[in-house]
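This report refers to the structure that appears directly beneath it.
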2 protein chains.
Amino acid sequence: MRIGELAKRAGTSTRTLRYYESRGLLAARRTGNGYRDYDEDDLRLLRQIRTLQDFGFELEETRPFVDCLRAGHPAGDSCPASLAVYRRKLGELDGLIGQLAGVREQVARQLAAAEEAAGEAAGQAAGHTAGDGGGEPPAPRCEMTG
Amino acid sequence: MRIGELAKRAGTSTRTLRYYESRGLLAARRTGNGYRDYDEDDLRLLRQIRTLQDFGFELEETRPFVDCLRAGHPAGDSCPASLAVYRRKLGELDGLIGQLAGVREQVARQLAAAEEAAGEAAGQAAGHTAGDGGGEPPAPRCEMTG
DNA sequence: GTAGGGCTTGACGCGGACGTCAAGGCAAGG
DNA sequence: CCTTGCCTTGACGTCCGCGTCAAGCCCTAC
């Protein structure tokens with residue numbers, strides 16, 4: 001099949017396929033007139049790349065999977081190098097998730113503190129003190145427009 | 001103080017400060033010879049920006065905080081617009097964390113399946129069969145769509 | 001005088017995964 | 001013949017937060 005059909009079947013663009021080729025993934029045969037010519041194996045290979053891309057893998061990280069399929073293995077992750085990428089990625093994901101969770105907590109605390117400060121200021125302005133025990137009360141529900 | 005000192009005290013670079021200025025954050029007075037001239041308020045403002053940047057906020061998202069400080073408020077998050085950014089960011093973080101957790105689970109399952117397949121292949125190669133029901137492994141237990 | 005440091009503006013580079021435009025070839029239909 | 005639609009290569013644009021270099025001015029010290 002030609003590049004347009006492959007792109008359509010993989011749900012991507014021809015530009016992307018040419019880009020992959022320029023990166024050394026997804027080589028293509030050529031027909032007599034110079035058009036790229038792909039087969040079902042190329043489609044499988046491309047789907048493997050796209051799946052990993054959807055996971056957030058960088059293109060280079062998909063290379064072991066591609067090489068694995070090219071070597072004739074039934075799946076892209078049938079090779080040790082692919083498993084190593086999986087494991088490294090798991091570590092990265094755990095680290096990133098933990099980091100984001102930490103940031104989330106800090107932002108949540110900042111928000112809570114700022115809301116409380118705003119609430120107290122409003123209370124004072126209205127001559128009405130909050131008067132609760134100064135600890136960490138349950139977060140205000142949704143008093144401001146989001 | 002001049003730009004070099006401000007950069008040092010904020011733990012960033014002069015290039016970064018000029019960039020912030022070009023973006024309309026962090027305006028600077030000028031001395032007679034054309035040098036930028038900053039004061040302690042600018043430092044506070046800059047620290048606010050840097051804190052949010054460390055949280056992963058985009059520069060544009062720090063603008064409400066900057067405007068808030070410039071308006072004379074005691075903290076950058078004393079204004080409704082800043083709180084709105086906090087809330088939006090919390091939502092984004094929750095979404096992102098959930099998505100990453102979903103990816104993490106998928107990668108973990110892929111890894112487990114590939115490891116098991118590799119183990120069985122090795123077992124067969126060694127004349128030792130794993131012996132579990134040879135069909136598809138049980139469907140993934142939890143679908144964490146992200 | 002001159003070396004050295006800090007400052008100025010301007011402009012290009014980077015990384016990642018492409019989008020988009022330009023100029024032109026190839027094949028099929030009317 | 002001409003149009004339409006697919007294909008080719010090449011090259012520049014995008015986003016973001018800067019890094020880095022270039023050319024030159026200001027001030028101080030020796």
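The chains referred to below are lettered A, B, ... by the order of the sequence lines, with proteins before strands, and numbering in each begins at 1.
Of the residues in residues 19-32 of chain A, those placing a heavy atom less than 4.0 Å from an atom of DNA chain C are Y19(A), Y20(A), in numerical order. Within a heavy-atom distance below 4.0 Å of DNA chain D, the residues of residues 35-44 of chain B found are Y35(B).
Not counting sequence neighbours, the partners of R63(A) by the salt bridge (Lys or Arg N to Asp or Glu O under 4.0 Å) test are E60(A). Partners of T51(B) by side-chain contact (heavy atoms from CB on, under 4.5 Å), not counting sequence neighbours, listed by chain and number: F55(B). Every side-chain contact (heavy atoms from CB on, under 4.5 Å) that E105(A) has, sequence neighbours left out, goes to R109(A). Applying the side-chain contact (heavy atoms from CB on, under 4.5 Å) rule to R44(B) yields the partners E40(B), D41(B); only residues at least two apart in sequence or on another chain are considered. Partners of D94(B) under the side-chain contact (heavy atoms from CB on, under 4.5 Å) rule, at least two apart in sequence or in another chain, are R104(A).
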So which protein nitrogen or oxygen atoms get under 3.5 Å of nucleotides 2-4 of chain D's nitrogens or oxygens?
none

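If you find the closest nucleotide of DNA chain D to L17(B) and to G4(A), the one lying nearer the 5' end belongs to G4(A). Both T14(A) and Q53(B) sit near DNA chain D, but only T14(A) has its closest nucleotide nearer the 5' end. Both R2(B) and R15(B) lie close to DNA chain C; mapped to their nearest nucleotides by heavy-atom distance, the more 5′-ward contact belongs to R2(B).
Rotation axes derived from the C1' atoms of the five outermost pairs at either end of the helix from dG1(C)-dC30(D) to dG30(C)-dC1(D) lie 40° apart, to the nearest 10°.
Residue pairs satisfying the salt bridge (charged side-chain N to carboxylate O under 4.0 Å, His left out) criterion with at least one member in residues 25-34 of chain A, sequence neighbours excluded, are listed as follows: E21(A)-R30(A), R29(A)-D39(A), R29(A)-D42(A). Listed by first then second residue, pairs satisfying salt bridge (charged side-chain N to carboxylate O under 4.0 Å, His left out) with a partner in residues 74-88 of chain A read E61(A)-R88(A), R87(A)-E115(B), R88(A)-E92(A), not counting sequence neighbours.
Remark: P of dC7(D) and CE of M1(A) are 12 Å apart, rounded to the nearest angstrom.
You can see that DNA chain C meets the heavy atoms of chain A within a 4.0 Å-exclusive cut from dA17(C) to dA27(C), reading 5' to 3'.
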